[in-house]
Amino acid sequence: MEDLRKEAEQLSICVEHFLYASEHIPEGDWKTKGFYDNCIEKCNGRLKAIHFLMESIRRGRPVTEEELEESRELEEEKLSKLSKHAK
């Protein structure tokens, strides 16, 4: 649980850096694109780590990459079915 809290905190920091940059740094600056790309990459890494930790907590054991992918596919299927029924 502590690892999950740490990852969530780090994700929050990544998002805050991105928001600050988007409000204070000119978009045309070539360094900005690299900064944005770096922030997005870091956020995606944090999200994946959070997903691993949450799935491990739910299953009560560490999960493999394959299990994580299966879980992601099942969630996407559920969302797809829900959106079809909502229409």
Side-chain angles (χ1 to χ4, degrees):
M1 289 288 213
E2 188 61 31
D3 289 342
L4 181 57
R5 284 187 179 90
K6 287 178 184 176
E7 287 297 336
E9 185 178 313
Q10 290 301 310
L11 176 61
S12 177
I13 291 168
C14 270
V15 171
E16 288 299 324
H17 286 165
F18 185 88
L19 291 171
Y20 179 85
S22 68
E23 294 169 355
H24 295 94
I25 301 173
E27 284 186 42
D29 184 350
W30 66 271
K31 292 178 188 174
T32 304
K33 182 183 179 333
F35 181 80
Y36 285 161
D37 291 347
N38 189 35
C39 281
I40 291 167
E41 188 176 315
K42 283 183 178 182
C43 285
N44 283 335
R46 297 286 179 200
L47 285 169
K48 186 172 184 177
I50 288 169
H51 192 185
F52 261 113
L53 291 166
M54 292 174 77
E55 193 62 36
S56 294
I57 290 167
R58 178 164 68 170
R59 294 181 187 217
R61 62 174 175 74
V63 296
T64 65
E65 183 82 34
E66 282 181 356
E67 290 173 318
L68 188 66
E69 188 59 36
E70 288 171 10
S71 171
R72 188 176 298 133
E73 289 170 2
L74 287 172
E75 290 299 320
E76 287 174 4
E77 269 183 44
K78 287 179 190 175
L79 288 174
S80 177
K81 287 179 184 178
L82 285 174
S83 67
K84 286 179 185 177
H85 290 299
K87 289 180 182 178

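What you see is a predicted model; the values in this text were computed from it and never measured.
Going from atom CG of Leu11 over to atom CD of Glu16 covers 10.5 Å, rounded to the nearest 0.5 Å. Note: Leu47 CG to Met54 CE = 10.5 Å, rounded to the nearest 0.5 Å. We find the CZ-OG distance between Phe52 and Ser71 to be 10.5 Å, quoted to the nearest 0.5 Å. Note that the CD atom of Glu41 and the SG atom of Cys14 stand 10.5 Å from one another [nearest 0.5 Å]. Separation of atoms CG (Leu79) and NZ (Lys81) is listed at 11.5 Å; rounding is to 0.5 Å. In this structure, CG in Leu53 is found 11.0 Å from NZ in Lys6, a value given to the nearest 0.5 Å.
In the hydrophobic clustering of ILVMFWY residues, with side-chain heavy atoms under 4.5 Å counting as a link, Ile40 and Phe35 come out together.
Taking both residues in full, the closest heavy atoms of Cys39 and Phe18 are given as CB-CD1, 3.8 Å, listed atom of the first, atom of the second, then distance. Listed here is the closest heavy atom pair of Val63 and Ser56: N-OG, 3.3 Å.
For CD of Glu73, the number of neighbouring non-hydrogen atoms (other residues, nucleotides, ligands) closer than 6.0 Å is greater than 12. More than 12 heavy-atom neighbours from other residues, nucleotides or ligands sit within 6.0 angstrom of CD on Glu69.
Note on Lys48 versus Glu65: salt bridge recorded, some NZ/NE/NH1/NH2 to OD/OE distance being below 4.0 Å. Salt-bridge annotation for Lys78 and Glu75: present, with a side-chain N of the basic residue lying under 4.0 Å from a carboxylate O of the acidic one.
Between Gln10 and Ile13, the closest side-chain pair of non-hydrogen atoms falls below 4.5 Å. The side-chain heavy atoms of Glu55 and Glu67, taken from C-beta on, include no pair separated by under 4.5 Å.
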